[in-house]
Amino acid sequence: MNELLRQIPKIDLILDKIPNEFHDKLDREILKSRIETLIDDLRTSIKAGEVSHFDVDDIIGRVIEDISKLCDFSLKRVINGTGIVLHTNLGRAVISKDIFKDSIEALTHYNTLEYDVKTGRRGIRYQHIVEKICALTGGESAIVVNNNAAAVMLVLNTFAKNKEVVVSRGELVEIGGSFRVPDVMLASGCILNEIGTTNKTHLRDYENALNEQTGLILKVHTSNYKVVGFSQSVEIDQLATLGKNNEILVYEDIGSGLIHNIFDAIAHDEPIAVDSISKGVDLVSFSGDKLFGGAQAGFIVGKKRHIDVIAKNPLLRAFRIDKFTLAIIERTLTEYLKPQSSITGIPTINKLKESPMAVQQRLKNFVDNFGEALINHGLTYSIVETKAEVGGGAMPLYKLPSFALGLKGPFSVNQLQDQLRQLQTPIIATVSKDILLLDFKTIDSDDFDLLYQGLRDCLEATQ
Ligand SMILES: *Cc1c(COP(=O)(O)O)cnc(C)c1O
């Protein structure tokens, strides 16, 4: 053992053997401390009797592996073969390249973030989006924050801190991650007044719940599930009237932020901001990176007198949107202002509107280009009909007919699935009935080369 310990090389010796590229990328002290940690681990393993032999090249190999990972970007592009258009773990709405490019000028220079060029005085960062979002939704004013969870919290905290929030038991939703309506209410300082039952809530339940302690009436869109069968909820127009008659604020969290009724969304119970507002609700909120198709943000739109109160809440400072997001959001709104048939610049909307035939054609193009090469690597492929999904907790019952490339080979497809995930550009596939599936709803033509190269590299590694 002592002999082994003595063989551990000096740090300087290892440093000298690290290729130059890493000396350019990494500070010497950081590099040294990474090596020290690895050497310490080795020493511990030797003392524990877990290592009976090593050579210096092994150690150098491990150091290089460690520092390569340290220098590599962890947040990177992936190829989404899941067929889930708004995949929350894969970055939700894809940002348009054109919109991104359009934002660069403002973002890489000084800009008007909080500057009013007319008066030469301090401006308001929210002002950049107010007119556009109001033109689209019919609201009087608006504010935009980090995400819809922050929007919900801000509204509740502003109008119902230490007061009761009346909400239907059928709408106490969990959106995933850690967004649960009851938890958000607690965190915003409100008292939950649950009414009705899981499947049925009547107008009289709301009427009976109102008292001097009531801060607001909340309606939450049950984005990711649907109570079907013997069920009833109260429509937003009835709630708006109830609120007006009792001088109580009515707020609807519509979740997904659909601006236009694309793909018959209303038939699938997806609320549209303009409808809620025209039905008289005081405030609505929704996400910027779900069906809206922009960047992570939360809109609050509605009556000006309420928005003005929100603007004075000190929490707004903690939730405030940054210039990067604001630039993307403003440009996405500008796209929405166009005539509906000309709105082609929002990737999420394009994907959702795209016909199954177009997906099939794209898959055929891939197969025409790369099918033979895949066969030469020992794979068999088929074209499989699938059901793609909207995702992002929106329209859970709505499926998008789609097509996937189905792959089989003389090896375990689960193993191939694992390897594909670990490529430099990860490929995220699913496996069903022993076939590896790559759904082309979420694979674009500009993914083709990387997709083929990734498959090829994994297959060559397996052979
Ligand atoms: C998604 C969702 C939220 C959370 O929105 P984020 O933008 O992810 O914070 C809140 N409420 C509803 C109804 C939702 O669907």
Side-chain angles (χ1 to χ4, degrees), residues 17-22 24-26 34 38 57-85 87-91 94-95 97 347 351 359-384 386 388 402-463:
K17 297 209 169 177
I18 300 296
N20 272 340
E21 57 164 313
F22 292 108
D24 294 339
K25 281 188 196 168
L26 263 185
R34 303 300 283 202
L38 281 172
D57 285 345
D58 284 347
I59 299 177
I60 291 166
R62 268 160 66 187
V63 171
I64 290 176
E65 196 182 319
D66 173 61
I67 58 182
S68 307
K69 209 170 144 226
L70 185 66
C71 294
D72 190 15
F73 294 120
S74 166
L75 178 60
K76 55 190 176 184
R77 165 186 185 169
V78 304
I79 292 170
N80 175 8
T82 66
I84 300 171
V85 176
H87 197 302
T88 298
N89 304 132
L90 303 180
V94 169
I95 291 172
K97 242 185 200 157
K351 275 264 164 271
V359 180
Q360 189 178 26
Q361 187 56 51
R362 186 160 61 241
L363 176 50
K364 281 205 175 118
N365 292 346
F366 181 80
V367 166
D368 286 347
N369 280 299
F370 300 104
E372 220 176 288
L374 292 178
I375 290 173
N376 291 339
H377 283 294
L379 281 177
T380 54
Y381 67 79
S382 54
I383 290 182
V384 183
T386 55
S402 178
F403 293 89
L405 179 68
L407 294 173
K408 270 176 116 159
F411 45 73
S412 139
V413 286
N414 294 92
Q415 195 189 332
L416 179 59
Q417 185 191 26
D418 288 348
Q419 287 174 321
L420 288 170
R421 248 189 356 253
Q422 281 154 61
L423 289 162
Q424 180 59 26
T425 299
I427 297 170
I428 316 299
T430 57
V431 168
S432 169
K433 298 185 189 133
D434 261 343
I435 300 179
L436 185 109
L437 292 176
L438 291 161
D439 198 312
F440 269 57
K441 184 76 188 169
T442 45
I443 294 177
D444 287 317
S445 308
D446 76 350
D447 289 323
F448 281 9
D449 287 335
L450 283 168
L451 177 60
Y452 169 68
Q453 284 161 24
L455 284 166
R456 183 197 61 198
D457 291 351
C458 287
L459 294 166
E460 280 173 359
T462 316
Q463 275 154 16

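Source: prediction; values computed, not measured.
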Any chance you could lay out the ring-ring contact (aromatic ring centres under 6.0 Å, His included) test for Phe403 and Phe440, step after step, and finish with the verdict?
CA-CA 6 Å; Phe403 293 89; Phe440 269 57; over 10 Å; no
Please state whether the rings of Phe448 and Phe370 are parallel, tilted or perpendicular, taking 30° and 60° as the class boundaries.
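Phe448 vs Phe370 ring planes: perpendicular.
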To the closest 0.5 Å, what do you measure between [atom1] ([X]) and [atom2] ([Y])?
X      : Y      : atom1 : atom2 : result
Leu451 : Ile79  : CG    : CD1   : 5.0 Å
Lys433 : Lys408 : NZ    : NZ    : 11.0 Å
Leu363 : Ile383 : CG    : CD1   : 4.0 Å
Thr425 : Asp457 : OG1   : CG    : 10.5 Å
Gln415 : Cys458 : CD    : SG    : 10.0 Å
Ile443 : Ile428 : CD1   : CD1   : 10.5 Å

Please check if the number of heavy atoms outside [X] that lie under 6.0 Å from its [atom1] is greater than 12.
X     : atom1 : value
Asp24 : CG    : yes
Glu21 : CD    : yes
Arg62 : CZ    : no
Lys69 : NZ    : no

Could you report the tightest heavy-atom contact between [X] and [Y], atom names first, then the distance?
X      : Y      : value
Ile64  : Pro19  : CD1-CD, 3.6 Å
Asp439 : Ala404 : CA-CB, 3.7 Å
Cys71  : Leu26  : SG-CG, 3.7 Å

State whether the side chain of [X] and the backbone N or O of [Y] hold a donor-acceptor pair below 3.5 Å, judged by distance alone.
X      : Y      : result
Ser412 : Asn414 : yes
Arg362 : Asp444 : no
Asn80  : Ile84  : yes
Thr386 : Ser402 : yes
Lys351 : Lys441 : yes

In the structure I gave you, are the side-chain heavy atoms of [X] and [Y] within less than 4.5 Å of one another anywhere?
X      : Y      : answer
Phe411 : Leu459 : yes
Leu455 : Leu374 : yes
Ile435 : Val431 : no
Leu405 : Leu437 : no
Leu423 : Gln453 : no
Val413 : Leu407 : no
Asn369 : Lys364 : no

Under 4.0 Å between a side-chain nitrogen and a carboxylate oxygen: does that hold for [X] and [Y]?
X      : Y      : answer
Asp447 : Arg77  : yes
Arg421 : Asp418 : yes
Lys17  : Asp57  : no

I'd like to know whether Phe22 forms a side-chain contact (heavy atoms from CB on, under 4.5 Å) with Ser68, so could you lay out the CA-CA distance, the side-chain angles of the two residues, the decisive distance to 0.1 Å, and finally the verdict.
CA-CA 8 Å; Phe22 292 108; Ser68 307; 3.4 Å; yes
Checking Thr82 against His87 for the side-chain contact (heavy atoms from CB on, under 4.5 Å) test, could you report, in this order, the C-alpha distance in whole Å, the side-chain angles of both residues, the deciding distance, and whether it holds?
CA-CA 9 Å; Thr82 66; His87 197 302; 3.6 Å; yes
Kindly indicate, with the supporting measurements, whether the criterion side-chain contact (heavy atoms from CB on, under 4.5 Å) is fulfilled by Tyr381 and Leu436.
CA-CA 9 Å; Tyr381 67 79; Leu436 185 109; over 6 Å; no
Do Gln361 and Asn365 have a side chain donor and acceptor closer than 3.5 Å?
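Result is yes, a qualifying pair exists.
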Verdict with reasoning, Gln424 to Asp72, per side-chain contact (heavy atoms from CB on, under 4.5 Å)
CA-CA 10 Å; Gln424 180 59 26; Asp72 190 15; 3.6 Å; yes
